[in-house]
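One structure is given below, encoded as structure tokens.
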Amino acid sequence: MPFLNFLYKPKNELEKGGRAVAPVQEDQGEPEKTCPNCHMAIPVSRIWANANTCTCGYHFRMSARQRISFITDKNSFSEMFTDVVSSDPLGFEGYAEKLETVRAASNENEAVICGTALIGGRKCCLFVMEPNFMMGSMGSAVGERITRTFEYAAEHRLPVVGYTVSGGARMQEGLVSLMQMAKTSGAVKRHSDAGLFYLTVLTDPTTGGVTASFAMEGDIILAEPGATVGFAGARVIEQTTRKTLPKGFQKAEFLVEHGFVDAIAPRRYQKSLVAMLLKMHCGGEA
Amino acid sequence: MTMEAYEIVKKARSSGRYTGIDFIKGIFNHFFELHGDRRFADDSAVIGGLAYLEEQPVTVIAIEKGHNARERMQRLFGAPNPEGYRKALRLMKQAEKFKRPVICFVDTSGAYCGIGAEERGQGQAIAENLCEMMTLNTPVITVLIGEGGSGGALALSVADRVYMLENAVYSVISPEGCASILWKDSAKAPEAAECLKLTAKDALSLGIIEDMISEDNIDQPEFFSELKDQLVHELGVLKGDPQLLDKRYERFRRIGRTE
């Protein structure tokens with residue numbers, strides 16, 4: 001009865017037809033990152049809360065430490081071989097200075113972090129490559145750390161989980177870094193011949209000498225969505241063949257299609273997937 | 001800075017050099033070529049087959065660049081596709097089964113760089129070779145005769161002995177590639193060649209290879225007969241070695257080792 005409206009006493013601000021609910025203000029000072037896939041600017045805290053993924057499903061790169069805290073059980077990671085660091089075997093011009101700057105900027109002393117950890121309660125050896133350290137390139141120290149990880153795992157009968165991200169062999173160490181491909185492959189092979197499990201997760205980007213050695217030698221190979229995985233660089237192929245590359249060339253999905261990767265592992269359920277695979281290979285009941 | 005290294009790079013690439021076929025003809029008898037990887041195709045950049053080294057049957061694998069423009073086109077300039085590496089691995093496995101030693105001649109600017117090569121898993125093919133060669137239970141000797149380009153060359157060089165010709169090069173990246181990545185200028189390749197330490201002398205001092213083969217008498221028939229004698233002698237040493245595989249592992253294990 002509209003004419004009796006004056007008798008009705010509004011109970012709250014909204015019934016008064018009063019002010020709208022104030023929108024929650026985003027913290028103005030917080031830095032944002034633009035997603036290269038959906039072009040939305042997202043505050044970094046929300047990206048972090050979401051395991052470094054965008055709401056559209058795009059996977060941002062992760063530093064090695066972030067990845068370790070993401071994939072391992074809480075406080076279970078213990079790092080090994082931290083004393084193995086690159087020297088400058090060739091005396092390559094500018095390399096020693098470069099190493100110093102990169103060490104300071106990335107807060108790491110090499111491009112891979114190795115150790116033992118629990119994943120879903122299962123003990124394993126873990127190596128995680130660091131994209132912020134010369135793009136995870138493999139020099140003598142990276143090769144040595146990974147080789148030692150496999151030797152340690154073979155000795156203690158542990159499975160190995162490896163996260164790869166790399167631009168390939170580190171050219172400043174020349175032939176010494178090239179030989180790391182053979183060295184790590186040898187260690188993988190020995191570990192494998194001992195009947196032990198090796199799982200690789202290829203992340204963006206895995207290329208060159210790392211693809212052509214331990215990244216492709218896993219018993220099971222997973223890849224993160226949209227990760228670039230290949231041997232030769234896409235730009236180099238385009239320049240030498242003068243052909244336009246097909247859409248999605250060298251992406252993780254392309255590798256699944258061509259039979260070189262077992263499955264795509266989005267971060268949403270990556271940890272439980274890795275844990276399940278470890279359990280299946282290490283005598284766990286379903 | 002002298003530009004000696006880049007002069008050697010040029011020599012290693014020059015078209016007048018002996019290619020894989022010349023070494024096979026010069027050293028072995030009754031070479032019989034075997035084709036195909038049994039999976040996809042036969043790669044013309046890799047030649048493999050059976051031959052006699054003096055009295056003993058061996059498996060020979062060579063990356064062949066070709067002598068003239070037509071041959072080079074056909075051989076893809078000595079850049080193997082994944083099927084080339086898989087063919088090589090098939091022949092090596094066969095050699096293991098029949099207890100034949102394996103001798104490889106490597107001359108490549110690198111694994112073939114193309115769409116098809118990536119689709120068929122160039123990286124995986126090389127990785128598999130590295131793994132399997134490490135435990136191949138038969139002696140393996142590799143001779144780098146020209147260019148030894150990166151992973152493409154290493155995929156046939158996980159051997160018990162690796163020799164390099166005096167004017168061969170062995171490198172993780174081409175000097176041009178290195179210069180364009182580091183200094184955004186591929187014209188600085190001579191400097192990069194110097195920095196990369198890619199000559200046989202450098203490789204020898206870094207402990208990457210066992211011996212450097214002199215090219216002083218490369219035009220004479222003694223060149224091949226001397227190399228043949230060296231191969232025969234080394235195979236004799238390797239054949240009786242019960243710790244062959246441990247030594248091969250250790251050969252690579254010690255490179256870049258820190259204590």
Side-chain angles (χ1 to χ4, degrees), chain A residues 83-85 87 89-94 139-141 143-144 147 168-190 192-193 207-217 229-232 236-237 240-241 243 245-246 249-250 254-255 258-260, chain B residues 1 82 110-135 148 150-155 157-158 170-173 177-178 181-182 191-192 194-198 202-203 206-209 245 248-258:
Chain A
D83 53 329
V84 179
V85 289
S87 56
L90 306 187
F92 199 98
E93 199 188 316
S140 54
E144 179 70 20
T147 304
R170 192 175 294 166
M171 61 186 170
Q172 288 92 338
E173 293 186 28
L175 278 176
V176 177
S177 63
L178 184 66
M179 293 304 134
Q180 303 308 311
M181 288 169 64
K183 179 166 124 181
T184 51
S185 297
V188 173
K189 177 75 172 152
R190 286 195 159 192
S192 171
D193 286 350
T207 57
V210 169
T211 306
S213 59
F214 57 86
M216 281 291 172
E217 290 162 358
V229 180
F231 179 63
V236 182
I237 296 174
T240 45
T241 61
K243 282 182 192 154
L245 303 175
F249 183 66
Q250 290 186 332
F254 171 94
L255 271 95
H258 287 92
F260 290 98
Chain B
M1 191 187 275
Y112 189 74
C113 171
I115 296 170
E118 293 293 320
E119 285 175 341
R120 297 192 295 278
Q122 189 71 279
Q124 191 272 341
I126 295 173
E128 192 173 3
N129 273 25
L130 301 181
C131 256
E132 295 299 327
M133 283 183 83
M134 194 62 94
T135 51
S150 190
L154 183 66
S157 307
V158 184
Y170 195 10
S171 176
V172 68
I173 188 171
C178 178
I181 293 172
L182 275 189
E191 281 97 324
E194 208 66 44
C195 288
L196 283 168
K197 304 263 190 291
L198 41 64
D202 294 322
L206 285 166
I208 308 278
I209 61 168
L245 296 182
R248 191 184 302 157
Y249 183 78
E250 193 50 39
R251 185 185 180 278
F252 291 92
R253 182 67 188 84
R254 68 186 159 74
I255 300 170
R257 176 178 239 159
T258 46

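Note on naming: letters A, B, ... go to the chains in the order of the sequence lines (proteins, then strands), and numbering restarts at 1 for each one. Keep in mind that the numbers below use all heavy atoms, side chains included, and drop hydrogens, waters and symmetry copies. Remember, it's a predicted structure, so these values are computed and weren't measured experimentally.
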Checking [X] against chain B: side chain, backbone, both or neither under 4.5 Å from a heavy atom?
{"X": "A:Glu173", "result": "neither"}
{"X": "A:Phe214", "result": "neither"}
{"X": "A:Ala187", "result": "both"}
{"X": "A:Ser213", "result": "both"}

Do the non-hydrogen side-chain atoms of [X] and [Y] ever get within less than 4.5 Å of each other?
{"X": "A:Lys189", "Y": "B:Glu132", "result": "yes"}
{"X": "B:Cys113", "Y": "A:Thr241", "result": "no"}
{"X": "A:Phe231", "Y": "B:Pro82", "result": "no"}
{"X": "A:Arg190", "Y": "B:Thr135", "result": "no"}

Proximal component of [X], with respect to chain A [non-hydrogen, under 4.5 Å]:
{"X": "B:Ala125", "answer": "neither"}
{"X": "B:Leu206", "answer": "side chain"}
{"X": "B:Arg120", "answer": "backbone"}
{"X": "B:Leu154", "answer": "side chain"}
{"X": "B:Leu245", "answer": "backbone"}
{"X": "B:Leu196", "answer": "both"}

Select, from [options], the one with the greatest count of heavy-atom pairs under 4.5 Å involving chain A.
{"options": "B:Leu198, B:Leu182, B:Asn129", "answer": "B:Leu182"}
{"options": "B:Gln122, B:Lys197, B:Arg253", "answer": "B:Arg253"}
{"options": "B:Tyr112, B:Phe252, B:Tyr249", "answer": "B:Tyr249"}

query = Which heavy-atom pair separates B:Val158 from A:Ala182 by the least distance, and what is that distance?
reply =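 Heavy atoms of B:Val158 and A:Ala182 come nearest at CG2-CB, 4.1 Å.
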
For the student: nearest non-hydrogen atoms of B:Val172 and A:Gly174, plus distance =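 Closest approach of B:Val172 to A:Gly174: CB-O, 3.5 Å.
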
